[in-house]
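What follows is a set of notes on a single structure, which appears directly below.
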Amino acid sequence: MIPPGASVAGANAGAAMPPAVSVRPEILRKRADFLRAARGRRQAMPGFVLQGIARGDESGAIRVGFTCSKKVGNAVARNRAKRRLREIARHVLPAAGRPGWDYVLIGRREATAARPFADLLADLETALTRLHGLAR
RNA sequence: GCGGAUGGCCGGAUGGCCGCGGGGGGCGGCAACGCCCCGCGAGGAAAGUCCGGACUCCCCGAAGCAACGGUGCCGGGUAACGCCCGGCCGGGGAAACCCGAGGGAAAGCGCCACAGAGAUCAGACCGCCACGGUCACCCCGGAGGUUCGCCUUCGAAGGAGCCGCGGUAAGGGUGAAACGGUGGGGUAAGAGCCCACCGCGGGGCUGGCAACAGGCCCGGCACGGCAAGCCCCACCGGGAGCAAUGCCAAAUAGGGGCCCUAUACGGGCGGCUUCGGCCCCGGGGCCCGGGUUGGCAGCUGGAGCGCGCUGGUAACAGCGCGCCGAGAGGAAUGGCCAUCGCCGGCGCGAUCUACGCGGCGGUACAGAAUCCGGCUUACAGGCCAUCCGCGCGC
């Protein structure tokens, strides 16, 4: 099972090794931030739903939040989905995210936990591209 | 070895890359913060939120009574419990063992359908039996007739059947349950009518702390079931919950107090006018309390865990030594990968078992949210001990 891992590592070489100058994404914790992001653009993917909005303040930080409601499953299923979303955000957002934006990743029942990790990474990149395209 | 019963335990391992949440230390920096190092970081059920507590706030003189809710054989354990341990009784099993809301039905009310003759101080449907009446039929005797086979008629004893009037609670049948069961005597047939044993009720005796058990005497036997319908008795119980509760504080809006502004624009006050004064409104400053949101505390060292000894059948308790084992708050404890375990079935190695190799599939239930003690429910796979029965060997 070497080829898949190698291809992902090669394709995401830039994303997997974020440059030191890039700011690590901050985590959203306030309900108000989530409500504002929900008013922005949304892009549905097989493993998750992405929401994003430009904050419009002078801070250049990329921020991201995670949502898994009870529709995703019991506590174990929700936690697992949230952890996988956290992991793909950590890999992709520093390179593909836009400074000054807030993103929210929403977990989906079964799909978020079952979809191969490499696919999830690719999904987030294309979702970000489409979201930014809509915003333009 | 096979089948079964009970109690207890585990619930993947190692490594690599990249991460997360607390804590401690070091360096840089006024600080915010950044970097480095060390150590810690989910469960047996963390789950359901069903009981019992600790801890907070609210209410409240004490006690009793009433209401409401809960518990319910006895003894013990415990901070407490509806939990646990030991025992008793009843039921199931060949046994180990398992199951039981298991106080009171002579305090009272209520209910007991259907079936059945009759369902509580009940009842005669079938059956059984005695007596009275009637009589088919059989046997005997007399008289008459005769084809000598027998026929008719009268009388008497018995008598199936039918009718009437009674006896009976043994048997059949109905039912969850039928004035207790089995056997014998007895009787017309039967019946606690009488007797023995069992059961039941009462009394005292012995053993036991008790639930209760054992045997003795008396009574021929009455007092049906449901209390998970109401009820009675005994015991227990204030309410709400960590989003409890306490502390700190910015912006905005609003409330209160004090001071200043005033001659202002405006309104009011002493009969009127002027000056002056006071008050309201307006503006400014300071302070106070409430409050949204946010932050801090509560927040984890405790009815704690491990080992040993002592007491106890045990639950458990005491003592000694050792240990610190999550503390988040849109909520960390992870993501990806490799190797190895474990289980299942398949193929190959000689046919099976054992064993080896190969590839395939599976590796559960489930995520702390103030903290403890329980209960209940879920769970891939596995381990240990004790006991019962059967088989084999010594």
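Just so we're clear, the structure is a prediction, and the values are computed from it rather than from any experiment. Lettering of chains follows the sequences in order, A, B, ..., and the numbering in each one begins at 1.
B/A326 and B/A364: their P atoms are spaced 25 Å apart (whole Å). Rounded to a whole angstrom, the distance from the C1' atom of B/A366 to that of B/A45 is 8 Å. On the C1' atoms, B/C125 is 15 Å away from B/A178, given to the nearest whole Å. As rounded to the nearest Å, B/C65 and B/G92 have C1' atoms that lie 48 Å from one another. Spacing between B/G215 and B/C223 at atom C1', rounded to whole Å, works out to 26 Å. Comparing the same atom, C1', in B/A332 and in B/G23 gives a spacing of 14 Å after rounding to whole Å. On the C1' atoms, B/C343 is 27 Å away from B/A47, given to the nearest whole Å. Rounded to a whole angstrom, the distance from the P atom of B/G61 to that of B/A250 is 41 Å.
Residue A/Arg63 contributes atom CZ, which lies 14 Å from atom P of B/G330 at whole-angstrom precision. A/Phe66 has its CZ atom 14 Å from the P atom of B/G335, to the nearest Å. Here the C1' atom of nucleotide B/G334 and the CG atom of A/Leu85 are 13 Å apart, to the nearest Å. B/A331 atom P lies 6 Å from atom NZ of A/Lys82, rounded to whole Å. Regarding A/Asn74, its CG atom lies at a distance of 14 Å from the P atom of B/U49, rounded to whole Å. We find that CZ of A/Arg90 is positioned 15 Å from P of B/A332, with the value rounded to whole Å. A/Phe117 has its CZ atom 13 Å from the P atom of B/G19, to the nearest Å. When the P atom of B/G334 is taken as reference, atom CZ of A/Arg80 falls 11 Å away, rounded to whole Å.
In the interface, the side chain of A/Arg83 is paired with the base of B/G367 through a donor and an acceptor atom under 3.5 Å apart.
Considering CD1 of A/Ile106 and OG of A/Ser69, their distance stands at 8.5 Å, rounded to 0.5 Å. To the nearest 0.5 Å, the span separating CE on A/Met45 from CG on A/Leu50 amounts to 9.0 Å.
B/G44 takes the syn form, because its glycosidic angle lies no more than 90° either side of 0. Its glycosidic angle being within 90° of 0, B/G22 falls on the syn side. In this structure B/G149 sits in the syn conformation; its chi angle is within 90° of 0. Its glycosidic angle being more than 90° from 0, B/A160 falls on the anti side. For B/G268, the base is anti relative to its sugar; the glycosidic angle deviates from 0 by more than 90°.
When Watson-Crick and G-U wobble pairs are counted only if both distances are under 3.5 Å, B/C307 pairs with B/G320. Nucleotide B/A122 forms no Watson-Crick or G-U wobble pair with any nucleotide shown, as no partner meets the under 3.5 Å limit on both distances. Nucleotide B/U182 forms a Watson-Crick or G-U wobble pair with B/A196, both donor-acceptor distances falling under 3.5 Å. B/G43 is paired with B/C365 under the Watson-Crick or G-U wobble criterion, all donor-acceptor distances under 3.5 Å. Figure legend. B/C281 is base-paired to no nucleotide; pairs are counted as Watson-Crick or G-U wobble with both atom distances under 3.5 Å. Base-pair partner of B/C352: not found among the strands shown (Watson-Crick or G-U wobble, both distances under 3.5 Å). Figure legend. B/C17 is base-paired to B/G335; pairs are counted as Watson-Crick or G-U wobble with both atom distances under 3.5 Å. Remark: B/A31 base-pairs with no nucleotide; criterion is Watson-Crick or G-U wobble with both hydrogen-bond distances under 3.5 Å.
Counting any heavy atom pair closer than 4.0 Å across all strands shown, A/Ile88 reaches no nucleic acid atom. A/Arg78 comes within contact range of no nucleotide atom at all, as no heavy-atom separation falls under 4.0 Å. Within 4.0 Å of A/Arg84, counting heavy atoms only, lie sugar-phosphate atoms of the nucleic acid but no base atom.
Closest non-hydrogen pair, A/Ile53 versus A/Arg36, comes out as CD1-O, 3.7 Å. In plain terms, the two heavy atoms of A/Leu28 and A/Tyr103 that are nearest each other are CD1-O, 3.9 Å.
Taking only side-chain atoms of A/Asn79, from C-beta outward, the nucleotide of B/G330, B/A42, B/C18 with the closest atom is B/A42. Closest to the side chain of A/Val76, from the set B/C336, B/A366, B/C18, is B/A366. With distances taken from any side-chain atom of A/Arg86 to the nucleotides B/A331, B/G334, B/A366, the minimum falls on B/A331. For A/Ala75, counting side-chain heavy atoms from C-beta on, the closest listed nucleotide (B/G335, B/A368, B/C18) is B/A368. In this structure, of B/G367, B/A331, B/C18, it is B/A331 that holds the atom nearest to the side chain of A/Ile27.
The backbone N or O of A/Gly107 lies less than 3.5 Å from no partner atom in the side chain of A/Thr112, so there is not a single donor-acceptor pair. A/Arg42 contributes no side-chain N or O that, together with a main-chain N or O of A/Gln51, makes up a donor-acceptor pair within less than 3.5 Å.
Exactly one of A/Arg115, A/Arg108, A/Arg130 qualifies for a salt bridge (Lys or Arg N to Asp or Glu O under 4.0 Å) with A/Asp123. That residue is A/Arg115.
Stacking annotation: A/Phe34 is stacked on the base of B/G330 (ring centroids less than 5.5 angstrom apart, interplanar angle below 30 degrees).
For the pair A/Cys68 and A/Glu87, nearest-nucleotide mapping onto RNA chain B gives the more 5' position to A/Cys68.
Salt bridge A/Glu87/A/Arg90: present, at least one basic N to carboxylate O contact under 4.0 Å.
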